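Just so you know, these numbers use all the heavy atoms, side chains as well, and skip hydrogens, waters and symmetry mates. What you see is a predicted model; the values in this text were computed from it and never measured.
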Amino acid sequence: AGLQQLRPDDGIVGEEGASREGTSGITWHIDPIDGTSNFYFDIPMWAVSIGAVDENGPIAGAVYAPALGDMFTASRGEGATLNGSPISVRNNTLLSDALLGTGYSYHASEREGHARRVAKMMTQIRDIRRLGAAAIDLCFVACGRYDAYFEEHLNSWDLIAGQIVATESGAIVTDFAGNPVTPKQVLATQPGIQSELIRLIADSTER
């Protein structure tokens with residue numbers, strides 16, 4: 001409702017409805033609660049995710065994690081911040097020292113395949129975390145809490161805000177092969193391990 005008053009010509013894509021077409025060329029992708037299961041079980045890893053895109057991709061985004069007291073923001077060409085202070089990705093070139101985040105599909109068959117992939121990767125990296133909120137995962141790459149995050153089968157409202165926070169902090173956001181990112185396949189990584197991590201994911205994925 002606030003966006004409709006402030007920017008009546010913009011479009012909205014939202015997980016909880018209220019979607020509408022716009023005429024300005026800007027569309028907002030909104031997830032009121034990213035990490036719904038965490039919210040339900042009173043686990044603090046959940047966030048409000050709001051991101052805007054134009055014809056060239058994400059233009060602005062904010063990810064607010066109330067239980068953590070963390071507000072991540074970014075806009076194209078202006079950098080990214082955490083609670084108002086500039087942030088950047090971790091400087092690390094050792095895949096063996098890399099801490100990764102990931103997530104699992106709700107579909108059992110896809111979870112099984114990803115679990116086998118992760119099991120193969122574990123001996124080549126420091127460790128893997130699974131928090132259950134994609135927007136937070138992306139922002140954790142942005143501020144150096146993770147070296148990288150990878151997941152499949154997201155939605156646009158899971159990705160857009162965290163994507164611009166990550167890219168404006170120096171992360172590279174692609175699909176698993178290094179091609180342009182889509183919600184179907186997301187890899188966000190600091191530059192020092194990107195090429196090795198792409199190879200590791202490929203080598204660990206069953207064909």
Tabulate below the donor-acceptor pairs under 3.5 Å that side-chain atoms of residues 58-72 make, not counting sequence neighbours, or state none.
from  : atom 1 : to     : atom 2 : distance (Å)
Asp70 : OD2    : Arg145 : NH1    : 3.0
Asp70 : OD2    : Arg145 : NH2    : 3.4

Would you list the atom pairs, donor with acceptor, under 3.5 Å between side chains in residues 6-13 and any protein atom, with sequence neighbours excluded?
from  : atom 1 : to    : atom 2 : distance (Å)
Arg7  : NE     : Asp10 : OD2    : 2.3
Arg7  : NH2    : Asp10 : OD2    : 3.4
Asp10 : OD1    : Ser24 : OG     : 2.5
Asp10 : OD2    : Trp28 : NE1    : 2.9

Connected hydrophobic set around Leu200, excluding itself, where side chains approach under 4.5 Å: Leu95, Leu100, Tyr104, Val118, Met121, Met122, Ile125, Ile128, Phe150, Phe176, Leu187, Ile193, Leu197, Ile198, Ile201

Leu131 side, atom CG; Tyr149 side, atom OH - distance, nearest 0.5 Å: 9.5 Å

Cluster overlap Trp157 with Ile160, hydrophobic side-chain contacts below 4.5 Å: no

Thr174 side chain near Val186 side chain, heavy-atom distance below 4.5 Å: no

Residues in side-chain hydrogen bond (donor to acceptor under 3.5 Å, both in side chains) contact with Asp137, at least two apart in sequence or another chain: Tyr146

Over all atoms of both residues, closest heavy-atom pair of Gly35 and Trp46: O-CB, 3.6 Å

Nearest non-hydrogen partners of Ala142 and Ser169, listed with the distance: CA-OG, 3.1 Å

Heavy-atom pair of closest approach, residues Ile136 and Ala47: CG1-CB, 3.8 Å

Residue list, salt bridge (charged side-chain N to carboxylate O under 4.0 Å, His left out) with Arg129, at least two apart or on another chain: Asp127

Sub-4.5 Å side-chain heavy-atom contact between Gln163 and Val181: yes

Gln185 vs Glu151, side-chain contact (heavy atoms from CB on, under 4.5 Å): CA-CA, chis, key distance, verdict: CA-CA 6 Å; Gln185 201 176 73; Glu151 187 169 355; over 6 Å; no

Derivation and outcome, side-chain contact (heavy atoms from CB on, under 4.5 Å), residues Leu138 and Leu159: CA-CA 8 Å; Leu138 287 159; Leu159 172 62; 4.1 Å; yes

Nonpolar side-chain network containing Ile164, other nodes, edges under 4.5 Å: none

Shortest non-hydrogen separation from Asp147 to Gln190 and the atoms involved: OD1-NE2, 2.8 Å

Interatomic spacing from CD1 in Ile87 to SG in Cys139 - rounded to 0.5 Å: 6.5 Å

Which residues share a salt bridge (charged side-chain N to carboxylate O under 4.0 Å, His left out) with Glu206, sequence neighbours left out: Arg116

Counterpart residues, side-chain hydrogen bond (donor to acceptor under 3.5 Å, both in side chains), relative to Thr73 (two or more places apart): Thr81

Sidechain-backbone polar pair: Asn38 side chain, Ala133 backbone, donor-acceptor under 3.5 Å: no

same_hphob_cluster(Met45, Phe39) at 4.5 Å side-chain heavy-atom cutoff: no

Shared hydrophobic cluster, Val53 / Leu3 (ILVMFWY, side-chain heavy atoms < 4.5 Å): no

Closest heavy-atom pair and its distance - His29, Ser156: ND1-OG, 2.8 Å

Contacts of type side-chain hydrogen bond (donor to acceptor under 3.5 Å, both in side chains), residue Thr102, not counting sequence neighbours: His114

ILVMFWY network linking Val141 to Leu154, side-chain heavy atoms under 4.5 angstrom: yes

By salt bridge (charged side-chain N to carboxylate O under 4.0 Å, His left out) - contacts of Arg117 (at least two apart): Glu152

Nearest heavy atoms of Gly77 and Glu168, plus distance in Å: N-OE2, 2.8 Å

Straight-line distance of Leu94 CG to Glu196 CD, nearest 0.5 Å: 8.0 Å

Neighbour count above 12 (heavy atom, 6.0 Å) for Asn83 CG: yes

Asp54: side-chain hydrogen bond (donor to acceptor under 3.5 Å, both in side chains) partners, not counting sequence neighbours: Arg76

Pro32 side chain near Val48 side chain, heavy-atom distance below 4.5 Å: no

Side-chain donor or acceptor of Arg126 paired with backbone N/O of Ala98 under 3.5 Å: no

Set of residues satisfying salt bridge (charged side-chain N to carboxylate O under 4.0 Å, His left out) with respect to Asp158, sequence neighbours excluded: none

Greater than 12 external heavy atoms within 6.0 Å of Glu110's CD: yes

Path from Phe140 to Leu99 over hydrophobic side-chain contacts below 4.5 Å: yes

